Amino acid sequence: MTAAEWHHNGKAAAFALGERLTGIHIDRAWLARPHRLVIPSATAAAERPALFLDKQMRELAAADPRIAALAADPSPDKLPEIIRMAVDLALRTTGLDGELVDQALELLATGERGDRGAVARERLRNLHMTLRQEAQATYERSGATGYAVPGHDTEIGRLMLRQEAVETLRHALDPDLERAASNALDRTRATHLSQENGDLLRHRTLTAIQYYIAHNENWL
């Protein structure tokens, strides 16, 4: 098949190539006859391993109903809940709030990821830039030298962590749910979650479940 043939009529070219490879001529008579259809999805599902969580993750699931519901049925329809929980972790550890945050949370609660979601993502992008500029100004006023380090103990460190929380929200509103879940969890990890209150373990557990849903295999 030439590039010109594919460009002119890709469907006709594909049928012609199929006929050449198989020797089967696809005409009206062939289309009118019944043909066997094989759907291998049942076999594929049977080969999928069971979700594996380590001992700490299983103990968390036993104590946390939201985690338990995800672990009991790790399917794609659970991605919105994983995204919302990732956002909860990022907001809790950084204290990020405000009208734009409330709007983003509303969109996540309703599942709206169309035009309003796109507008919110752009506003979050601008907020990220504002926080970056604020962090830079704070760093310059401090007279510090070297690289600024994100963390909960300094003003500039907290501003840097809030930037990550903003990015968590922005990625959470991505129309592609698999990408939204993966990227939101990545940005949440960068907010320096607390081990003492269990949020670090919650993040690890959510990551294991999200990975299982996305790849049909275990993260651990």
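In what follows, every heavy atom counts, from backbone to side chain, and hydrogens, waters and symmetry copies are set aside. Here the structure is a predicted model, which means the values were calculated and not measured.
Side-chain contact check for L91 versus L105: some heavy-atom pair is nearer than 4.5 Å. At a threshold of 4.5 Å between non-hydrogen side-chain atoms, the residues L89 and T191 do not count as touching. Looking at I67 and L206, their side chains come closer than 4.5 Å, going by heavy atoms from C-beta outward. The shortest side-chain heavy-atom distance between L127 and L169 does not fall under the 4.5 Å cut-off. Using a 4.5 Å cut-off on side-chain heavy atoms (C-beta onward), K78 and I209 make no contact. Two residues are said to be in side-chain contact when any heavy atoms from C-beta on lie closer than 4.5 Å; R123 and Q103 meet this criterion. Side-chain contact between M160 and I156 is present, with heavy atoms from C-beta onward closer than 4.5 Å.
Two different hydrophobic clusters hold L108 and V119 under the rule that ILVMFWY side chains link at heavy-atom gaps under 4.5 Å.
No hydrogens or angles considered: a donor-acceptor pair under 3.5 Å links the side chains of E140 and Q136.
With sequence neighbours excluded, no residue forms a side chain to side chain contact (heavy atoms under 4.5 Å, CB included) with A50.
R116 has a carboxylate O that lies under 4.0 Å from a charged side-chain N of E106, or vice versa, which qualifies the two as a salt bridge. For the pair E81 and R84, the salt-bridge criterion is met [side-chain N within less than 4.0 Å of a carboxylate O].
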For M85 and L70, what are the C-alpha separation, side-chain angles and deciding distance, and is it a side chain to side chain contact (heavy atoms under 4.5 Å, CB included)?
CA-CA 11 Å; M85 293 186 71; L70 296 174; 3.8 Å; yes

With a 3.5 Å cut-off and sequence neighbours excluded, list the donor-acceptor pairs that the side chains of residues 51-60 form with protein atoms.
{"residue": "D54", "atom": "OD1", "partner": "Q56", "partner atom": "N", "Å": "3.2"}
{"residue": "D54", "atom": "OD1", "partner": "M57", "partner atom": "N", "Å": "2.9"}
{"residue": "D54", "atom": "OD2", "partner": "R204", "partner atom": "NH1", "Å": "3.4"}
{"residue": "D54", "atom": "OD2", "partner": "R204", "partner atom": "NH2", "Å": "3.3"}
{"residue": "K55", "atom": "NZ", "partner": "E59", "partner atom": "OE2", "Å": "2.5"}
{"residue": "R58", "atom": "NH1", "partner": "L53", "partner atom": "O", "Å": "2.5"}

